[in-house]
Participant: 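Right, I'll just put the structure down here and ask away after.
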Amino acid sequence: MVVLRFLLMVFNVAVVTFLIYRLLIIAKQPMDKSKKILIVVGGVMLLLAPLGMFAGIFAPTFQYFIVYPVAISLFLYLTKQL
């Protein structure tokens, strides 16, 4: 259980770091303001999920391990298309 918790923390740190990096790149790019706001709001929502889990607001469940990586990959795919 300790190893799983450690791996979860490492995964979340890597994801949060990469999301912040991508959000900073998006913020610097010239594009339509409404599109930029939508991307930033989506990125912030994805950042709140691991922080809420770390703060104890919700517990890590099996659905988290299935849905969160898919949401991250979709977000990154959509930001790469810009």
Participant: Measure across Lys36 and Gln29 and return the closest heavy-atom pair with its distance rounded to 0.1 Å.
Facilitator: NZ-O, 2.9 Å
Participant: Looking at every heavy atom in both Val70 and Ile66, which two are closest together, and how far apart are they?
Facilitator: CG2-O, 3.3 Å
Participant: If Ile, Leu, Val, Met, Phe, Trp and Tyr residues are connected whenever their side-chain heavy atoms lie under 4.5 Å apart, and connections chain through other members, are Phe18 and Val16 in the same group?
Facilitator: yes
Participant: Is any side-chain heavy atom of Leu38 closer than 4.5 Å to one of Lys35?
Facilitator: no
Participant: Transitively linked via ILVMFWY side-chain contacts under 4.5 Å: Val67 with Val15?
Facilitator: no
Participant: Please tell me whether Tyr21 and Leu76 are part of a single hydrophobic cluster in this structure, the criterion being side-chain heavy atoms less than 4.5 Å apart.
Facilitator: yes
Participant: Is there a path from Ile25 to Tyr77 through hydrophobic residues (I, L, V, M, F, W, Y) whose side chains come within less than 4.5 Å of each other?
Facilitator: no
Participant: Heavy atoms only: give me the nearest Arg22-Lys80 pair and the separation to one decimal.
Facilitator: NH2-N, 3.8 Å
Participant: Is the shortest heavy-atom distance from the side chain of Phe75 to the side chain of Leu23 under 4.5 Å?
Facilitator: yes
Participant: According to the side-chain hydrogen bond (donor to acceptor under 3.5 Å, both in side chains) rule, which pairs have a member within residues 45-71, sequence neighbours left out?
Facilitator: Asn12-Tyr64, Thr61-Gln63
Participant: If two hydrophobic side chains count as joined below 4.5 Å and joins carry through other members, does Ile26 share a cluster with Leu24?
Facilitator: yes
Participant: To the nearest 0.5 Å, what is the distance between OG1 (Thr79) and CD1 (Ile39)?
Facilitator: 7.0 Å
Participant: Check side chain to side chain contact (heavy atoms under 4.5 Å, CB included) between Val10 and all other residues, then give those that pass, not counting sequence neighbours.
Facilitator: Phe6
Participant: Identify the two heavy atoms, one from Leu51 and one from Leu47, that lie closest to each other, and give their separation to 0.1 Å.
Facilitator: CG-O, 3.3 Å
